[in-house]
Amino acid sequence: GLGYPSSRSDALQHGTSGTLPHFLQEPDDAYIIKSNPIKLKCRARPALQIFFKCNGEWVHQSQHQSQEHTDQGTGLKIREVMINVSRQQVEDFHGPEDYWCLCVAWSHLGTSKSRKATLRIAYLRKNFEQDPQGREVPIKGMIVLHCRPPEGVPVAEVEWLKNEEPVGSDGNINTRADHNLIIQKARLSDSGNYTCLASNIVAKRRSLTATVVVFVNGGWSLWTDWSACNVRCGRGVQKRSRTCTNPAPLNGGTFCEGMSVQKSTCNALCPVDGGWGEWTEWTVCNAECARQRSRECTAPEPKHGGRRCDGATLGTDNCTGGLCTQNRKLLHDAKPQGLEVSSDVALYSGLAAGVVTVVVLIVAVTLYRRNQSEYGVDVIDSSALTGGFQSFSFKTACQGNPLLINSSQQPDLTVSQTYTSPICFQDSMDKELISQEPSLFDPLPDLKVKVHSSFMVSLGVSERGAEYHTQKAHPQTFPRGLAPDYSGVGLEGTLRGRREKTLLGPLAPSKPSRPPLRTAGVFGHAGGRLVVPNTGVSLLVPHGGIAVDTTWEMYMVINQDDSSRQEVLLSPEVTYGPLGLDLSCPVAMTIAHCAEVAADNWSIRLKRQTQDNKWEEVMSVEEESTSCYCLLEAQCCHLLLEHPGRYALVGEPLSQEAVKRLRLAVFGSADNTNPLGYSLRVYCVDDTPYAFQEVASAERVRGGCLLEEPKTLLFRGNSLSLQLSIQDVPQFLWSIKPFTTCQEFSFSQVWASNQHPLQCAFSLERYSPASSQLSCKISVRQVKGQEQILQVYTSVVESEKEVVPFFTQSDCTITSQMGSRAFKIPLSIRQRICATFDTANAKGKDWQLLAQKLCIDRNLCYFARQESPSAVILSLWEAQHQDTGDLDSLASALEEIGKVHSTHSTSSRTRINYSNLGTNPQQSQKVNHN
């Protein structure tokens, strides 16, 4: 019924050819794209009929489109047939193999079959089986990006794009390795955004973008030459440096490890001035009646730029005494006869005058000593040589102190130091005499100086007598290259009598050991801040440092032990804990110090106490370390710490120019034992809030009033002492105890005070109760150093007294803050900053740039090892600005970064509002972050 030829006889009726059909065109494999049908064609010669057979079944004759013509060359008939296959037909077929079709052609001799043509529905799925992953590789490293395209028919072809541009293959880049991209040796230019593009006849698919960052680890440059010694003569310091520029770190590469600056001690040769040697013997007189002698500049020879000897090398003299003749006559014959007689008279007259002068001096000295004995002193008083300064160093009454006055009684600090002469040093002449006579200040052990009643009456002590017991002092720490000055250091005072009074020395507590200052708080995931009020000591616990659903009771203690140490203590000893504290990021501790760090005259180190109570060095503040971070400022030091414990800043002076800041304060109060008496107490303490708070607390207890705003004095490490004197006391209204107007602290007392206050007192008495006002000046000066004047003007009547507050600002009583109140930067802003800068960026906007803009540009290797470098940098910024509360510097830095890179940004931007940072709530200005 389909019209197919059924027998050979039917075929012969259509022609006489004896050839089987030969296919000139066979059906091709094809893919159905979307809903478009597929056209299959067959053409054969000679062919009486051609029909399609699909999946083993004949296609109906009505679905065939046939054309027939005769080949002009051979005369054979050529037939062409075409059918359409729809997507629905293919989808409805459910066989063991794909949908297929073939042609069957008939001729007079029989049939021929064409090849099978497979028909499939084309598609390409959306999701890649494997997307390429971003890589960070060092320069010259291998980059391999894997890509497995989505499933599809036909199989998708893969092409790679870099920054939307096709990537071609060359000797270094291979894109034909099983769809993967392989770069043998990475170059900086290979950084970029890579995309895998899969496509077939149906669709194209893009993979997720993989960011490849080719980074460069920093390398040190060569060391510079050593700088010149910073002193012209003696022991000094020289430096050399190197930079992390060979190469410079790029695209998040690691910063160079190690020190960028090295310091070394140096010895500059001091100039030696030349000195004349001995004269040679006189030469024999010559014919001109002259003789000569010579000398050489060899005792010593001038060296290292020293001055040459002044004067003549050759000396000439006329001959006398008959050793030479003139005009054939002896010289003595030519002299006048009276000349020799006159010379003898002058000689004897000079000798007689000298003898008389010596006798007069001996008589004067004898009378002077007799006059001095009226004061009752049995031994020669060395203060006659020292200009009135014979310092008594009285230590505080602490347990175990070898310089203890009397451990059972509280020393009275109201009586001033007494001296055998009220003379004060005007400058260095007398002090140089002291330095040349060290024996005056190093008394022999167990030397006892008896002081009789007439001298004790001037002190106000009973006639039962007193005894000063002297002893060698133990060594202290001095600047490198300086000899210790023990003037007044090792002198213990023990006054036995009805009243025992300490004249000058450190402030003595009422108990053997001082109670520590402690603060504590409970912190959680939100973090917070601990503060020891009015001490310059605080601890910042960053947000996220403590795990979620975990709390720690943290504490901070300022230790006040009187332990001896070999270094100069520049800050309080501070402990934070507990010891088992487990945080995911470092805490930021702030400690005030008293070193003048403007010049490189100190070697300052951070030390930590070990479990066996020994101190170990953690780092030098000038070196680079990955264990902790130290940011030294003029008044304080900010530390990033990861291990709880006790920490302190200690210093070693590198030259005599090293300076320690002292805070000077004068307090006053009425004398409880004398209704007309008044006591002035002058304190010299290390310039830290903690050290001054100790003085203020003690004065509050004893009812003292601060009479003048505290002042700062720069105390140099030149081994010279500190002198205090009271001046301009109204002579007709007030009297001061004899020989107490000038007092002194030795260099070692001040230099190694180690945060302990030093005090001296001036006791005054008014002549009349009607005198209610006291005005005077107190001079505090270092020999050959700086001087400060404390002006006192106060009323001694309680009702009229105007009290100067102990602190210029109101006393701080807040000890802990938890959560967002403890931080200047809002949490949302902090998180967005960290998200922006913790991720390396091809434009260089990473955490290193943030650190640079915030002026934190050293020891970057410490931040590199942190999980979130930006968060740690912001914690350090919080510690720096905890008192100012000024966010302008941070906002300005972020704005500057945004402006620099705004012209290069092509993607979406993270915007941080100025008002969110608190710079000005009325502004709506925004800072852009790419």
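Note that this is a predicted model, so its numbers are computed, not measured. Counting begins at 1 with the first residue of the sequence.
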Check for a donor-acceptor pair, side chain of Ser191 on one end and backbone N or O of Val214 on the other, with a separation under 3.5 Å. yes

Would you confirm whether Asp838, through its side chain, and Ser868, through its main-chain N or O, come within 3.5 Å as a donor-acceptor pair? no

Which pairs, with at least one residue in residues 213-222 and sequence neighbours excluded, count as a salt bridge (Lys or Arg N to Asp or Glu O under 4.0 Å)? none

Name all residues meeting the ring-ring contact (aromatic ring centres under 6.0 Å, His included) criterion together with His543; count only those two or more places apart in sequence or in a different chain, and write none if there are none. His525

Partners passing side-chain hydrogen bond (donor to acceptor under 3.5 Å, both in side chains) against Asn200 (at least two apart in sequence or in another chain): none

Look at atom CD of Gln130 and say whether more than 12 heavy atoms of other residues, nucleotides or ligands are closer to it than 6.0 Å. yes

Can you tell me which residue pairs pass the disulfide (SG to SG under 2.5 Å) test with a partner in residues 78-138, sequence neighbours excluded? Cys42-Cys103, Cys54-Cys101

Applying salt bridge (charged side-chain N to carboxylate O under 4.0 Å, His left out) to Asp190 and not counting sequence neighbours gives Arg187

Within the 4.5 Å heavy-atom criterion, are Val587 and Leu540 side-chain neighbours or not? no

State, with a plain yes or no, whether a side-chain heavy atom of Glu97 is found less than 4.5 Å away from one of Lys116. yes

What residues form a salt bridge (charged side-chain N to carboxylate O under 4.0 Å, His left out) with Glu257, not counting sequence neighbours? none

Is any side-chain heavy atom of Tyr194 closer than 4.5 Å to a side-chain heavy atom of Thr209? no

Take Cys196 and Cys147 through the test disulfide bond (SG atoms under 2.5 Å apart) and record every step on the way to the result. CA-CA 7 Å; Cys196 181; Cys147 176; 2.0 Å; yes

Does Ser875 reach the main-chain N or O of Ala871 with its side chain, forming a donor-acceptor pair under 3.5 Å? yes

Between Asn174 and Ser169, is any side-chain donor less than 3.5 angstrom from a side-chain acceptor? no

Side chains of Asp98 and Leu119, heavy atoms from C-beta outward: is any pair under 4.5 Å? no

Who passes disulfide (SG to SG under 2.5 Å) against Cys585, sequence neighbours left out? none

Using distance alone, with no hydrogens and no angle criterion, decide if Ser625 and Ser627 have a side-chain donor and acceptor under 3.5 Å apart. yes

Can you give me every donor-acceptor pair (side chain of residues 159-168, partner residue at least two apart or in another chain, under 3.5 Å) with its distance?
from	atom 1	to	atom 2	distance (Å)
Trp160	NE1	His179	O	3.1
Lys162	NZ	Ser189	O	2.3
Asn163	OD1	Asn193	N	3.0
Glu164	OE1	Arg206	NH1	3.3
Glu164	OE1	Arg206	NH2	3.3
Glu164	OE2	Arg206	NH2	3.0

Do Lys853 and Glu896 pass the side-chain contact (heavy atoms from CB on, under 4.5 Å) test, and can you show the C-alpha distance, the side-chain angles, and the key distance before you say yes or no? CA-CA 8 Å; Lys853 295 302 180 182; Glu896 183 178 351; 2.9 Å; yes

Can you tell if the side chain of Pro586 reaches within under 4.5 Å of the side chain of Tyr862, non-hydrogen atoms only? yes

Looking at side-chain heavy atoms only, is the closest gap between Leu850 and Ile833 below 4.5 Å? yes

Return the set of residues passing disulfide (SG to SG under 2.5 Å) with Cys630 (not counting sequence neighbours), or none when no residue passes. none

For the residue pair Trp100 and Asn55, establish whether any side-chain heavy-atom pair is separated by less than 4.5 Å. yes

Any residue meeting disulfide (SG to SG under 2.5 Å) with Cys628, in chain and number order, not counting sequence neighbours: none

Can you tell me if Ser221 uses its side chain to pair, donor with acceptor, with the backbone of Thr243 under 3.5 Å? yes

Hey, mind stepping through Gln65 and Lys39 against side-chain contact (heavy atoms from CB on, under 4.5 Å) and telling me if it holds? CA-CA 11 Å; Gln65 299 177 16; Lys39 297 181 183 295; 6.0 Å; no

Do Leu181 and Ile143 have side chains that get closer than 4.5 Å, going by heavy atoms? no

Could you work out, with side-chain hydrogen bond (donor to acceptor under 3.5 Å, both in side chains) as the rule, every residue matching Arg135, not counting sequence neighbours? none

Would the number of heavy atoms belonging to other residues, nucleotides or ligands and lying under 6.0 Å from CG of Asp549 be above 12? no

Check this for me, if you would: do Arg115 and Glu26 make a salt bridge, where the nitrogen-to-carboxylate-oxygen distance has to be below 4.0 angstrom? no

For the pair Ser892 (side chain) and Asp888 (backbone), establish whether a donor and an acceptor sit closer than 3.5 Å, ignoring hydrogens and angles. yes

Check Gly528 against Phe823 and note the closest heavy-atom contact, atom names and distance. N-CZ, 3.7 Å

Do Glu91 and Arg87 meet the salt-bridge criterion of a basic N to acidic O distance under 4.0 Å? yes

Could you please spell out the steps behind the salt bridge (charged side-chain N to carboxylate O under 4.0 Å, His left out) verdict for Glu878 and Lys824? CA-CA 7 Å; Glu878 288 269 8; Lys824 307 297 181 185; over 6 Å; no

Side-chain ion pair, Arg125 and Glu151, N-O less than 4.0 Å: yes

When you measure from the side chain of Gln831 to the backbone of Ser828, do you find a donor-acceptor pair of N or O atoms at a distance under 3.5 Å? no

One pair to check against side-chain contact (heavy atoms from CB on, under 4.5 Å): Ile856 and Leu876. What are the steps and the verdict? CA-CA 9 Å; Ile856 304 172; Leu876 185 59; 3.8 Å; yes

Where the side chain of Arg529 meets the backbone of Ala822, is there a donor-acceptor pair that is under 3.5 Å apart? yes

Test your reading of the model: is there a side-chain donor-acceptor pair from His60 to the backbone of Ser62, 3.5 Å cut-off? yes

Please tell me whether Trp58 and Phe52 form a close aromatic pair, meaning their ring centres lie under 6.0 Å apart. no

Residue from Ile38, Val202, Val153 passing side chain to side chain contact (heavy atoms under 4.5 Å, CB included) with Ile32: Ile38

Verdict with supporting geometry, Phe215 and Ile139, side-chain contact (heavy atoms from CB on, under 4.5 Å): CA-CA 6 Å; Phe215 61 85; Ile139 193 167; over 6 Å; no

Quick check: does any side chain N or O of Asn217 sit under 3.5 Å from a backbone N or O of Thr254, one acting as donor and the other as acceptor? yes

For the residue pair Phe863 and Tyr629, does the interplanar ring angle fall in the parallel (under 30°), tilted (30 to 60°) or perpendicular (over 60°) class? tilted

Regarding Ser207 and Thr195, is there a side-chain donor-to-acceptor distance under 3.5 Å anywhere? no

So does Gln89 get a backbone contact from the side chain of Ser86, meaning a donor-acceptor N/O pair under 3.5 Å? yes

Could you pull out all residues at least two apart from Tyr99 that satisfy ring-ring contact (aromatic ring centres under 6.0 Å, His included)? Phe93

